[in-house]
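The basis for the numbers below is simple: all heavy atoms, side chains too, and nothing from hydrogens, waters or symmetry mates. First listed ligand is number 1; within each ligand, the first listed atom is number 1.
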Amino acid sequence: MNSLTRLFYLTLATLFAAGLATNALAESWDMPTPYPDKTFHTVNIIQFAEDVKQATGGKLEIKVHSAGSLFKHPEIKNAVRGGQVPIGEFFLSLLSNENPVFGADSQPFLATNYNEAKKLWDVQKPIIAPLLDKQKLMPLFSVPWPPQGLYTKKEIKSVDDLKGIKFRAYNATLEKFANTVGAAPTQVEVPDIPQAFATGRVEAMITSPSTGANSKAWDFVEYFTDIQAWVPKNIVVVNKAAFDKLDADLQAAVLEAAKKAEARGWEMSEKETAAKIAIMKENGMKIVSPGPVLMGGLMDAGNTMLADWQKAAGKDGEALLNAFK
Ligand code: PCA
């Protein structure tokens, strides 16, 4: 072997070893999320993944699988818990069957604007973090949807107008709310909304201007009644074992990016509200402020539900409500 050939093989060996070393160090995390790519939550999470990649010099890469493509929305939490994936996003109040405190942000008329939602999150987080910890999960950040409004084909003047209407629901609380006002609820995930309306499975819904505009609600309903009924949140959680396996500097990078994502997400959410209502208006929807009769009826339903929630939520619920008020 002449010296040039030797140099060639030596260089090859060095490159190969270096390649192995980076591969051994680089982590790749699959991250299932429930909502489509253009949803601001997903946009925020893609930025979070980018921030983590930058801060770790590519040592931790998070691959976002949006719109329930890797795991269906109702399976995401258990996928993270079981370690099939290290990290994931889901709608926080889906866990209200485990403990009603997870569903506080979906209680009608408890927290209805961003200030109240922030206060609620401040008192909700210290109660749910230990509950998640018991399942070896750690919350990273939580971001609210814009205040929830009512989408219907006809103008709604009182809760009586909702009687018998086929209603799209996204969690148990909304299903109960629909039942309480006499509507007929069906669970439908966001990516399936247009289809559910097109086929007549549902004819009305309560959701944010974000989800309404992204689903092109004007194709199937005419009225958006701005009832601002609650401000529910998504949460991003990480499997603790997966997190603990990271080097300290990577852990710090994830936590820092999460903090930024929470702050950025809340700002994005607030901006969405007016922007998406404007888009619905441009597309011909009638944007209506609810009258006192409708609001009175909805609030009555909300009060009934809150009383039930308090009974079910016991000490944790009491602690939450006391701290909130
Ligand atoms: N959009 C999601 C949750 C709340 C919201 O505004 C949905 O409609 O399922």
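Remark: ligand 1 and T211 share an N or O pair separated by less than 3.5 Å (distance only, no angle test).
Within ligand 1, the atoms closer than 4.0 Å to a non-hydrogen atom of V190 are 2 (C), 7 (C), 8 (O), 9 (O), numbered from 1 in the order shown.
Ring-plane geometry between Y35 and W145 is classed as perpendicular, the angle between the planes exceeding 60 degrees on a 0 to 90 degree scale with a lower cut at 30.
A donor-acceptor pair under 3.5 Å is absent between the side-chain atoms of K153 and the main chain of A204, judged by distance alone.
In the candidate list R168, H73, Q148, M205, Q148 is nearest to atom 4 (C) of ligand 1, counting heavy atoms.
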Donor-acceptor pairs under 3.5 Å, side chain of residues 249-261 to any protein atom, not counting sequence neighbours: which ones?
from	atom 1	to	atom 2	distance (Å)
Q251	NE2	F243	O	2.8
Q251	NE2	L246	O	3.3

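Here the heavy atom of the protein found nearest to atom 6 (O) of ligand 1 is S208 OG, 2.6 Å. Nearest to atom 5 (C) of ligand 1 among the protein's heavy atoms is T207 OG1, 3.1 Å.
Under a hydrophobic clustering in which Ile, Leu, Val, Met, Phe, Trp and Tyr are joined whenever their side-chain heavy atoms come within less than 4.5 Å, directly or via other members, F224 and V288 fall into different clusters.
Separating the CD atom in E89 from the CE atom in M31 is a distance of 6.0 Å, to the nearest 0.5 Å.
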